[in-house]
Trainee: 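Sharing a structure below in structure tokens format, with a few things to ask.
Below, all heavy atoms of this structure are taken into account, side chains as well, without hydrogens, waters or symmetry copies. Naming convention: chains lettered A, B, ... in sequence-line order (proteins, then strands); numbering from 1 in each chain.
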Number of protein chains: 2
Amino acid sequence: MKTECIGDYVKFNGKAYPCTVSLTMNLIGGKWKAVILYHLKDGEKRYNELRKEIPSITEMTLSLQLKQLEKDGLITRKVFGKKPPVKVVYDLTRLGESFVPVLEAITQWGNKAVTDNGEFVHS
Amino acid sequence: MKTECIGDYVKFNGKAYPCTVSLTMNLIGGKWKAVILYHLKDGEKRYNELRKEIPSITEMTLSLQLKQLEKDGLITRKVFGKKPPVKVVYDLTRLGESFVPVLEAITQWGNKAVTDNGEFVHS
DNA sequence: CTGTATCCTGCGCGATACTG
DNA sequence: CAGTATCGCGCAGGATACAG
């Protein structure tokens with residue numbers, strides 16, 4: 001099976017990419033998107049839960065990345081309640097769920113790389 | 001098996017990351033690294049071969065990304081000949097080869113995403 | 001053939017403060 | 001509780017010219 005560069009380029013959500021590797025890296029690349037998806041893989045989470053589980057991300061960046069992931073169809077955003085404090089829940093879409101195996105592969109590779117050539121640090 | 005955040009952070013090549021997903025995305029993230037690795041997955045390639053197969057990358061960026069991939073231990077660079085024109089060959093290291101399954105997962109996901117929600121364009 | 005040197009631009013991302 | 005507004009830095013990466 002040919003797994004790349006079927007056709008001359010690919011279009012997704014109106015944007016063009018030279019190949020599907022490129023496309024994937026654009027959708028889930030960057031410093032945080034994969035990490036966020038990772039934390040959603042076991043079920044929905046609230047905004048503040050994500051913040052606590054990813055302490056080094058800022059509010060603004062988390063908010064921005066969530067918006068982009070939603071726009072690209074990887075996660076959903078649901079609001080409960082009308083008056084503050086409202087409750088907002090993020091969850092994977094089907095497309096997002098189909099990405100979980102890739103996430104697992106990424107995680108396992110990272111773990112093996114660290115085991116072989118790096119170190120796990122406990123402070 | 002716990003696949004993330006073993007310890008409080010991880011160290012790789014002297015750099016610290018909050019988790020292994022983060023680490024992986026740093027090593028092969030960015031606009032081109034995964035694409036380059038993809039083109040090396042079936043065996044060594046020369047500089048110009050890579051240029052031709054990835055037309056939209058510039059010489060400078062290709063050169064820079066190759067250097068970073070070499071520094072991170074994902075590829076090797078071998079020079080043949082002393083006087084110009086010399087021949088330079090890039091190849092995956094063992095670490096790089098161990099990344100191929102991840103690459104396949106990324107590619108397949110991208111292909112499915114395009115098949116379902118995008119389009120393959122022939123010009 | 002395989003790069004480097006320079007210059008430059010966009011934007012990802014952080015810091016901090018504020019809001020419904 | 002779940003964000004936005006504003007400001008700005010740093011750096012990846014493009015254009016173009018040059019080099020061993």
Trainee: According to salt bridge (charged side-chain N to carboxylate O under 4.0 Å, His left out), who are the partners of Asp116(A), at least two apart in sequence or on a separate chain?
Mentor: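 Asp116(A): salt bridge (charged side-chain N to carboxylate O under 4.0 Å, His left out) contacts with Lys112(A).
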Trainee: Provide the start and end nucleotides, 5' to 3', of the part of DNA chain C that has atoms under 4.0 Å from heavy atoms of chain B.
Mentor: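 Reading along DNA chain C, I get dC1(C) to dT6(C).
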Trainee: Name the first nucleotide and the last nucleotide along DNA chain D (5' to 3') that come under 4.0 Å of a heavy atom in chain B.
Mentor: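 Answer, 5' to 3': dG13(D) to dG20(D).
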Trainee: Tell me which pairs pass side-chain hydrogen bond (donor to acceptor under 3.5 Å, both in side chains) where either residue lies in residues 79-93 of chain B, with sequence neighbours left out.
Mentor: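 Sorted pair list: Arg77(B)-Tyr90(B).
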Trainee: For a quick test of reading the model, state the closest non-hydrogen atom pair linking Ala34(A) to Leu103(A) and the distance between them.
Mentor: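 Nearest pair, atom of Ala34(A) first, then Leu103(A): O-CD1, 3.8 Å.
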Trainee: Using a heavy-atom cut-off of under 4.0 Å over every strand shown, decide if Phe80(B) touches base, sugar-phosphate, or nothing.
Mentor: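 Since no nucleic acid heavy atom lies under 4.0 Å of Phe80(B), the category is nothing.
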Trainee: Looking at residues at least two apart in the chain, or sitting in another chain, which of them share a ring-ring contact (aromatic ring centres under 6.0 Å, His included) with Trp109(A)?
Mentor: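 Partners of Trp109(A) under the ring-ring contact (aromatic ring centres under 6.0 Å, His included) test: Phe99(B).
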Trainee: Quick one: does Ser63(B)'s side chain have a donor or acceptor within less than 3.5 Å of a partner on Met60(B)'s backbone?
Mentor: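 No, because the side chain of Ser63(B) does not come within donor-acceptor range (under 3.5 Å) of the backbone of Met60(B).
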Trainee: Salt bridge (charged side-chain N to carboxylate O under 4.0 Å, His left out) with Lys45(B): which residues, sequence neighbours excluded?
Mentor: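 Salt bridge (charged side-chain N to carboxylate O under 4.0 Å, His left out) check on Lys45(B) returns Glu53(B).
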Trainee: Between Met60(A) and Val88(A), who's closer to the 5' end of DNA chain D by nearest nucleotide?
Mentor: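 Whichever sits nearer the 5' end wins; that is Val88(A).
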Trainee: Base, sugar-phosphate or nothing for Arg46(A)? Non-hydrogen atoms, less than 4.0 Å.
Mentor: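 Touches sugar-phosphate only.
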Trainee: Just report the end-to-end axis angle for the helix from dC1(C)-dG20(D) to dG20(C)-dC1(D), five pairs per end, to 10 degrees.
Mentor: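 Roughly 60°, once rounded to the nearest ten degrees.
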Trainee: Hey, which of these two, Thr58(A) or Glu49(B), hits DNA chain C nearer its 5' end, going by closest nucleotide?
Mentor: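 The residue mapped nearer the 5' terminus is Glu49(B).
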Trainee: Quick one, which residues of residues 61-77 of chain A touch DNA chain D with a heavy atom under 4.0 Å?
Mentor: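 Those residues whose heavy atoms fall under 4.0 Å from DNA chain D, taken from residues 61-77 of chain A in numerical order, are Ser63(A), Lys67(A), Arg77(A).
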Trainee: Go through the structure and list residues passing salt bridge (charged side-chain N to carboxylate O under 4.0 Å, His left out) with Glu59(B), not counting sequence neighbours.
Mentor: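 Only Arg51(B) meet the salt bridge (charged side-chain N to carboxylate O under 4.0 Å, His left out) criterion with Glu59(B).
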Trainee: Show the numbers, then the answer: is there a side-chain contact (heavy atoms from CB on, under 4.5 Å) between Leu69(B) and Leu40(B)?
Mentor: CA-CA 12 Å; Leu69(B) 287 170; Leu40(B) 288 175; 5.9 Å; no
Trainee: Which residues pass the side chain to side chain contact (heavy atoms under 4.5 Å, CB included) test with Ser56(B), not counting sequence neighbours?
Mentor: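 So Ser56(B) forms a side chain to side chain contact (heavy atoms under 4.5 Å, CB included) with Pro18(A), Trp32(B).
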Trainee: Connecting only ILVMFWY residues whose side-chain heavy atoms lie within less than 4.5 Å of each other, what is the rest of Phe80(A)'s hydrophobic cluster?
Mentor: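 Other cluster members: Val89(A).
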Trainee: Answer whether the closest heavy-atom distance between the side chains of Thr24(B) and Thr107(A) falls below 4.5 Å.
Mentor: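 Contact flag for Thr24(B)/Thr107(A) side chains = no.
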Trainee: Check the hydrophobic clustering (I, L, V, M, F, W, Y; side-chain heavy atoms under 4.5 Å; chains of links allowed) and say if Leu50(A) and Val100(A) are grouped together.
Mentor: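 As far as the 4.5 Å side-chain criterion goes, Val100(A) and Leu50(A) are connected within one cluster.
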Trainee: Once side chain to side chain contact (heavy atoms under 4.5 Å, CB included) is applied, do any residues pair with Gln68(A), and if so which ones, sequence neighbours excluded?
Mentor: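 By the side chain to side chain contact (heavy atoms under 4.5 Å, CB included) rule, Gln68(A) matches Lys33(A), Leu64(A), Gln65(A).
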Trainee: If you assign Glu59(B) and Gly29(B) each to the DNA chain D nucleotide with the nearest heavy atom, which residue ends up on the more 5' nucleotide?
Mentor: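 Upstream on the strand: Gly29(B).
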Trainee: For Lys87(A), answer base if it contacts any base atom (sugar-phosphate contacts may also be present), sugar-phosphate if it contacts only those atoms, and nothing otherwise; contact means non-hydrogen atoms under 4.0 Å.
Mentor: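 Answer is sugar-phosphate: Lys87(A) comes under 4.0 Å of backbone atoms only.
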